[in-house]
Trainee: 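Structure in structure tokens, see below.
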There are 2 protein chains.
Amino acid sequence: MARSKATPVASPVEQVDTRYLQTLLGYNARRAALSIIGVFLERLAVYDLRPVDFSVMSVIHHNPGVTSRQLCATLSILPPNLVGLIQSLEARGLIERQPHPTDGRAVGLHPTAKGVSLMQQAEVTAAEVEIDASSKLTPHQRQTLVQLLQKIYL
Amino acid sequence: MARSKATPVASPVEQVDTRYLQTLLGYNARRAALSIIGVFLERLAVYDLRPVDFSVMSVIHHNPGVTSRQLCATLSILPPNLVGLIQSLEARGLIERQPHPTDGRAVGLHPTAKGVSLMQQAEVTAAEVEIDASSKLTPHQRQTLVQLLQKIYL
DNA sequence: TATTGTTATACTCTATAACTATA
DNA sequence: TATAGTTATAGAGTATAACAATA
């Protein structure tokens, strides 16, 4: 049988069609998250804070005395993987470990004055990153997006 | 000086306050993406497809003859990291590598009948995952969310 | 007996350098 | 000279098992 169409079987793909993947929520959420985190990574580098360092410091900053266990539960970090993060932040003088007032097993994590100062600056930069990484969104759209995302995971 | 407030300095943190982090788009996007991907991971396990396998197979399925290089650019995968994925999918009989019609360096990736059949089923499951992972969203909200996410990364 | 924090370790994911074959 | 695909390897991120100290 002669081929009737002009397009041969093995014609090269000129432009990759990603329309199907773009219908998937998970695909879009992951791509968007990686895009924002990429900007975050660059702009917070001046503070020597990766996203995970920032989130850990942020929880300690806003919850002085929080325990490692609470941090793990809050940020979905496994306890063995938090140990190095905490040691690093303590070695940099950003946090202090103090005895827990009621539980002898636990340790309360507190920001130092240096840690508080760093986070106050870092949070300003983080707010700028928010805007820059979503510059095609209006403030109202940004707010809507946050609300919809929280309906997914909260 | 006697302490005048009822709350001691080292009072334990009862409930971790995450309100600050929850204002951040990047934090919400990452948490939501991980939540959806978690459901995806479980439900696509029956096809032995991880998210990355699914996305690679999906691009090949909808773009027969696509090259490795095009796949890498489309999915933000580095070429060395794609090699093993392609070899695995080929070993499973889901894709075939054919000579590229116009570029002797490149290889066209084509889904086999088995691969097409698998993806047709997997895409049905993926559609179900979409709904289940965002069950608190109306169809309209889900559509809005996809549109807003694409404004971030496209 | 259960939980907090920790060590050691394994596994996965991602990134870089360098090579070959072809354009 | 530049690009497609590949190899080897390094680094970062994530996971499980097991232990000491305390509840």
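Residue numbering restarts at 1 for every chain, and letters A, B, ... go by the order of the sequence lines.
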Trainee: Rounded to the Å, how far apart are B:Ile77 CD1 and D:dG5 C1'?
Mentor: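 Rounding to the nearest Å, CD1 of B:Ile77 and C1' of D:dG5 are 15 Å apart.
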Trainee: Using heavy atoms and a sub-4.0 Å distance, could you list which residues of residues 81-90 of chain A are near DNA chain C? By number, please.
Mentor: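 Going residue by residue through residues 81-90 of chain A, the ones with a heavy atom under 4.0 Å of DNA chain C turn out to be A:Val83, A:Gln87.
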Trainee: How would you label the contact of A:Val52 with the nucleic acid (heavy atoms, under 4.0 Å): base, sugar-phosphate, or nothing?
Mentor: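 Touches nothing.
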Trainee: Given atom CG of B:Leu75 and atom P of C:dC13, what is their separation to the nearest angstrom?
Mentor: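 Spelled out: CG on B:Leu75 to P on C:dC13 is 15 Å.
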Trainee: Suppose we screen for salt bridge (Lys or Arg N to Asp or Glu O under 4.0 Å). Which residues come up paired with B:Glu90, at least two apart in sequence or across chains?
Mentor: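 Expected list: B:Arg97.
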Trainee: Establish, with yes or no, whether the OP1 or OP2 oxygen of D:dA2 is under 4.0 angstrom from a side-chain nitrogen or oxygen of B:Arg69.
Mentor: no
Trainee: Please determine, for the side chain of B:Thr67, which listed nucleotide (D:dG13, D:dG5, C:dG5) has the closest atom?
Mentor: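 Among D:dG13, D:dG5, C:dG5, the one nearest the side chain of B:Thr67 is D:dG5.
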Trainee: Holding to ring-ring contact (aromatic ring centres under 6.0 Å, His included), I want the full list of residues that pass it with A:Phe54, two or more places apart in sequence or in another chain.
Mentor: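 ring-ring contact (aromatic ring centres under 6.0 Å, His included) list for A:Phe54, sorted by chain: A:Phe40.
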Trainee: May I ask you to verify if any side-chain N or O of A:Arg97 is less than 4.0 angstrom from the OP1 or OP2 atom of C:dG5?
Mentor: no
Trainee: Using heavy-atom distances to pick each residue's nearest nucleotide on DNA chain D, tell me which of A:Arg50 and B:Pro79 is more 5'.
Mentor: B:Pro79
Trainee: If hydrophobic clusters are built by linking Ile, Leu, Val, Met, Phe, Trp and Tyr wherever their side-chain heavy atoms come under 4.5 Å apart, do B:Val116 and A:Tyr20 end up in the same one?
Mentor: no
Trainee: Would you mind reading off the distance between A:Leu109 atom CG and C:dT4 atom P, rounded to a whole angstrom?
Mentor: 13 Å
Trainee: Give the rounded distance in Å between these two atoms: CG of B:Leu78 and P of D:dG11.
Mentor: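 Whole-Å distance recorded here is 16 Å.
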Trainee: Between P on C:dC13 and CZ on A:Arg30, what's the gap in Å once rounded to a whole number?
Mentor: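 Answer to the nearest Å: 10 Å.
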Trainee: Verify the cluster assignment for B:Leu137 and B:Ile152: are they in a single hydrophobic cluster under the rule of side-chain heavy atoms below 4.5 Å apart?
Mentor: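 Result: yes, single cluster for both.
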Trainee: Please give, in whole Å, the distance from D:dG5 C1' to B:Ile95 CD1?
Mentor: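 Nearest whole value for this atom pair: 14 Å.
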Trainee: For B:Leu71 and D:dT6, what is the distance between atoms CG and C1' respectively, to the nearest whole Å?
Mentor: 16 Å
Trainee: Mind listing the closest non-hydrogen atom pair of A:Val13 and B:Val66 along with its distance?
Mentor: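 Heavy-atom minimum between the residues: CG2-N, 3.5 Å.
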Trainee: Over all heavy atoms of both residues, which pair between B:Leu82 and B:Leu71 is shortest? Give the atoms and the distance, please.
Mentor: CD2-CB, 4.0 Å
Trainee: What closest approach, in Å, do A:His110 and A:Ile60 show between heavy atoms, and which atom pair accounts for it?
Mentor: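 Answer, listing the atom of A:His110 first, then A:Ile60: C-CG2, 3.9 Å.
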Trainee: Output one line per pair: protein atom, nucleotide atom from nucleotides 17-23 of chain D, and distance, for all N/O pairs under 3.5 Å.
Mentor:
residue : atom : partner  : partner atom : Å
D:dA23  : OP1  : A:Gly104 : N            : 2.8
D:dA23  : O4'  : A:Arg105 : NE           : 3.4

Trainee: Name every donor-acceptor pair, under 3.5 Å, that has one atom in a side chain of residues 44-51 of chain A and the other anywhere in the protein, sequence neighbours excluded.
Mentor:
residue : atom : partner  : partner atom : Å
A:Tyr47 : OH   : A:Gln121 : O            : 3.4
A:Tyr47 : OH   : A:Thr125 : OG1          : 2.6
A:Arg50 : NE   : A:Asp53  : OD2          : 2.8
A:Arg50 : NH2  : A:Asp53  : OD1          : 3.0
A:Arg50 : NH2  : A:Asp53  : OD2          : 3.4

Trainee: Identify, with sequence neighbours excluded, every residue that meets ring-ring contact (aromatic ring centres under 6.0 Å, His included) alongside A:His61.
Mentor: none
